[in-house]
*Asks:* 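Can you keep this structure in mind? I'll have questions shortly.
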Amino acid sequence: MLSPKYVVPKKPDLSNELIKLGGEGIKRCYQCGTCTAICPLSKTQTVAVRRMIKKLQLGLEEEVLGDPTPWLCYFCGDCNETCPKDATPGNIMDAVRKYQIINYSIGKFAKVFYDKVYALASLVVMTIIGLIGMYIFHGEMVTNVVDIDSFIPSEILHDAGLVLLAYVIIVMVAHIANMYRYTKRAIGYGKSAPLGKWVSEFFKILIKEALFQSRLLCEEGRSARYFAHIGVIWGFILLFAATGIHFISDSFGLGVPEIVPRVVGIIGGIGLLYGGIYYLIRRFEKKELYAKASDLHDWWLLLLALGSGISGFLVTVFMYANMAMATYIFYGIHLLFVFYLIVSAPFSKLVHMIYRPFALWFASVWEGEEI
Amino acid sequence: MKPVMVVGGGISGIQAALDLADQGIKVYLVEKTPSIGGRMAQLDKTFPTLDCASCILTPKMVEVARHENIEILAYSEVLEINGEAGNFKVKVRKKPRYVDVTKCTGCGVCMKYCPSKVPDEFNLGLSERKAIYIPFPQAIPLKATIDAEHCLWFQKNICRNCEKFCPAKAIDYEQKPEDIELNVAAIIFATGYELIADHSLLTDQYGYGRYANVYTNLEFERLVSATGPTGGEILRRSDRRHPKNIAFIQCVCSRDVRMNPNCSSICCMASVKEAILVREHHPDIEVTIFYMDMRAFGKGYQEFYDRAKEEFGIRFVRSKPATIVEDPETKNLIIYYEDTHTSTYKAEEFEMVVLAVGIKPVVPDSFVPVGEDMFAQVKDPYLDPVASPVPGIYVIGMLNSPKDIPDSVIQGSAAAMKASILACKSE
């Protein structure tokens with residue numbers, strides 16, 4: 001329910017802002033509730049799709065920013081298909097996600113990644129920084145054999161990785177703090193929950209939802225999309241694990257054979273490529289409803305993830321083919337793609353891997369939603 | 001002074017024909033089906049006064065039949081229109097009834113002996129009629145018609161029972177279509193409406209046609225009518241017993257951009273009326289109406305809606321249900337919806353569901369220009385609301401735009417006045 005203190009519209013222009021972010025049907029909605037009732041998630045939990053659109057129409061900015069509903073949505077498109085006003089509730093949910101990403105971000109910096117010009121400029125800046133970094137820190141380029149380690153020494157790479165990791169963690173803590181603040185005011189006002197509940201719900205969501213996406217699997221006839229998404233998630237997890245194993249082994253002198261992180265990385269890479277290519281095809285086909293209108297925010301994540309996956313794969317291929325120069329070039333490209341991905345992570349669509357579990361967590365603790 | 005032609009024998013066309021004829025102008029009333037009366041003849045009661053529809057309509061029908069200036073061309077269709085305002089040449093085809101109307105007395109003996117059973121259009125398929133039939137007891141003209149598509153003689157060259165038993169010797173299997181040409185000063189089209197019953201919203205989401213106990217509002221009108229197939233008993237299609245509760249769903253295939261963005265304008269009050277009739281017939285049946293906006297705009301409509309809530313205890317839920325699922329054992333229907341006043345998702349079981357299905361006009365498309373909204377275009381929506389852009393042609397009733405009975409009657413009179421001007425000027 002809307003809390004009484006926010007009944008006064010805060011931002012009359014809110015719906016126009018969301019329309020610019022892709023929720024073009026907001027003003028067409030006549031509040032029939034078909035979207036809420038057709039939503040496959042409604043059977044087990046509160047998915048207040050119509051109520052969210054009402055909040056947008058009324059300009060209740062704080063209510064919108066504190067509503068975890070859009071993070072429950074998988075954009076299956078059933079609501080778009082059955083909406084009698086063609087208000088495209090699925091697209092509106094997507095637009096609210098973008099709106100929340102922007103408003104949770106420090107200084108609303110995420111706006112940069114939703115504007116073609118700024119996004120391109122950010123790519124240029126990141127490329128320059130990356131290239132300068134590689135130029136300064138690169139070692140000897142041995143051309144008779146492939147020797148990545150002397151091209152860019154792994155200690156330097158590990159240090160850079162740690163710096164980036166620290167950056168992501170610090171920024172994400174600030175973003176999640178914003179999300180918590182808004183969500184607490186909107187749905188958790190005056191509510192408290194025992195620590196035990198916070199902990200138990202956290203693990204439930206981490207395992208069932210974040211790692212295995214159980215709810216996406218529950219949707220009939222969408223198993224192809226489920227496996228593609230699982231491929232991407234586990235692709236990222238395994239690639240991160242591969243880097244981690246390498247790093248830990250190196251720093252503590254454990255002497256884990258080189259082949260272990262490599263195999264883990266290759267499996268992860270296959271998963272990432274499989275899912276990435278699946279989504280790429282869907283987004284070009286424009287048949288599935290979620291893939292009908294892809295904007296910068298969708299392409300950004302997809303192309304960067306695919307770019308890092310493909311370049312990483314090529315590095316492996318060239319390395320085994322003993323083609324030194326090609327390996328170094330693609331290694332450089334690969335590092336650049338990973339650099340883009342990580343730097344933009346707290347602001348791009350990739351951040352949904354953090355926001356979604358947190359939104360589910362807050363909803364389950366404060367609203368008692370069954371996960 | 002030339003005659004005027006009225007096409008369509010529903011309440012709007014009847015009013016136009018009577019008003020013209022009373023001024024001394026000759027009228028040809030062309031009707032596609034075997035009898036005049038139109039949709040209103042199928043209705044049980046009228047809103048907001050709950051008057052019996054037939055009791056208002058049939059005296060008018062009789063007046064038409066007995067009027068010296070009106071010639072009814074029932075079971076006929078307009079084929080061709082030539083000429084201009086004041087001087088139209090209209091070719092009309094009189095379809096063969098295979099019954100000599102000068103001899104037929106409408107006694108109905110033939111219907112008793114005819115062996116071929118056909119879904120009854122008048123009762124929207126809720127009952128059966130014979131291949132030789134009179135659509136309803138108050139039909140005008142009260143003459144039998146053979147439906148050649150289902151007649152054993154025409155299909156298989158057997159039977160001829162009606163000929164054997166007809167006391168008036170009126171059966172004539174040799175009749176052929178007859179084309180006549182009429183010279184008229186003006187033409188009034190009042191071709192009425194039909195339901196939009198073929199969209200996936202109806203068939204997939206709401207299961208109409210798949211689930212026995214899902215009805216359209218017109219079907220329900222026949223079901224609740226004293227002259228209907230059950231004599232006014234509300235019995236479920238699946239097991240012929242009274243339902244414990246009934247749900248009405250508004251705005252089905254109307255106000256929906258996927259097939260029909262228009263508001264049909266009659267369903268709010270029609271459903272409120274049908275709900276009240278349910279409570280009057282069986283006070284123990286609980287009635288729920290799922291609506292989005294209750295459009296009670298006419299004289300006495302708001303009061304009617306208030307009575308439904310306060311006097312008859314009808315429950316109104318602001319929601320458009322998403323899906324209906326049938327319980328295969330009980331044939332009850334589970335409606336999935338969000339109550340938008342409380343923002344709660346619900347699955348509720350009902351024993352019968354009535355869909356307020358949207359309407360589309362029956363358009364004589366080669367003769368009148370049609371607008372983007374599917375309805376006939378008018379010359380000027382404010383100052384000439386019944387005139388088609390084609391001079392001398394008038395469009396009234398549901399063909400013109402969605403409207404209720406009082407508005408259809410008003411347009412009938414308005415078009416009669418306009419047409420009479422042309423008729424008086426003609427030689």
Side-chain angles (χ1 to χ4, degrees), chain A residues 1-3 7 24-25 27-58 60 63 67-69 72-73 76-90 186-187 220-221 289 363 367-370, chain B residues 196 199-207 247 249-264 267-268 288-295 316-325 333-350 353 355-358:
Chain A
M1 293 298 293
L2 301 179
S3 20
V7 169
E24 42 114 21
K27 290 181 179 175
R28 288 200 290 272
C29 171
Y30 61 15
Q31 298 287 314
C32 71
T34 300
C35 45
T36 309
I38 201 83
C39 180
L41 299 175
S42 276
K43 292 211 165 86
T44 50
Q45 65 186 124
T46 314
V47 189
V49 188
R50 179 202 58 79
R51 199 171 63 186
M52 170 58 89
I53 302 175
K54 188 80 207 173
K55 288 175 184 173
L56 295 171
Q57 289 173 340
L58 292 173
L60 303 176
E63 287 282 347
D67 194 332
T69 298
L72 310 182
C73 165
C76 67
D78 285 358
C79 50
N80 280 10
E81 255 174 1
T82 51
C83 175
K85 293 294 278 182
D86 193 23
T88 60
I187 68 166
E220 289 164 37
L289 287 163
E367 293 197 312
E369 291 299 343
E370 193 64 36
Chain B
I196 303 175
H199 192 269
S200 68
L201 169 66
L202 213 71
T203 52
D204 294 354
Q205 273 173 264
Y206 292 158
I249 300 178
Q250 299 303 108
C251 298
V252 179
C253 294
S254 58
R255 298 180 70 205
D256 189 328
V257 294
R258 289 174 295 171
M259 79 306 278
N260 171 29
N262 304 315
C263 166
S264 303
C267 326
C268 282
T288 304
I289 297 184
F290 291 95
Y291 73 104
M292 291 188 286
D293 305 285
M294 192 48 66
R295 295 189 163 170
F316 287 84
V317 176
R318 197 195 168 282
S319 172
K320 181 164 184 172
T323 45
I324 300 177
V325 175
L333 302 149
I334 301 151
I335 298 184
Y336 292 90
Y337 69 96
E338 182 199 7
D339 183 339
T340 63
H341 280 161
T342 58
S343 273
T344 41
Y345 171 80
K346 285 178 183 163
E348 200 174 330
E349 192 167 313
F350 291 92
V353 172
L355 307 175
V357 182

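Residue numbers begin at 1 in each chain, while the letters A, B, ... track the order of the sequences.
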*Asks:* Scan side-chain atoms only and decide if A:Arg50 and B:Ser343 contain a donor-acceptor pair under the 3.5 Å cut-off.
*Replies:*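 There is such a pair between these side chains.
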
*Asks:* Under 4.5 Å from any heavy atom of chain B, what part of A:Cys79 do you find: side chain, backbone, both or neither?
*Replies:*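 The answer is neither part of A:Cys79.
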
*Asks:* OG1/A:Thr82 to CG/B:Asp256 distance, rounded to the nearest 0.5 angstrom?
*Replies:* 9.5 Å

*Asks:* Contact part of A:Lys43 toward chain B, heavy-atom cut-off under 4.5 Å: side chain, backbone, both or neither?
*Replies:*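 Its backbone and side chain both get close to chain B.
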
*Asks:* B:Tyr345 versus chain A, heavy atoms under 4.5 Å apart: side chain, backbone, both or neither?
*Replies:* side chain

*Asks:* When you measure from the side chain of B:Arg258 to the backbone of A:Glu81, do you find a donor-acceptor pair of N or O atoms at a distance under 3.5 Å?
*Replies:* yes

*Asks:* Could you tell me which non-hydrogen atom of A:Thr34 sits nearest to which non-hydrogen atom of B:Lys320, and how far apart they are?
*Replies:*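 For A:Thr34 versus B:Lys320, the nearest heavy atoms are OG1-O, 3.3 Å.
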
*Asks:* So which heavy atom on A:Gln31 is nearest to which on B:Thr340, and how close?
*Replies:* O-CG2, 3.7 Å

*Asks:* Given the options A:Gly33, A:Cys83, A:Cys32, A:Cys35, which has more heavy-atom pairs under 4.5 Å with chain B than any of the others?
*Replies:*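 Answer, by heavy-atom pair count under 4.5 Å with chain B: A:Cys32.
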
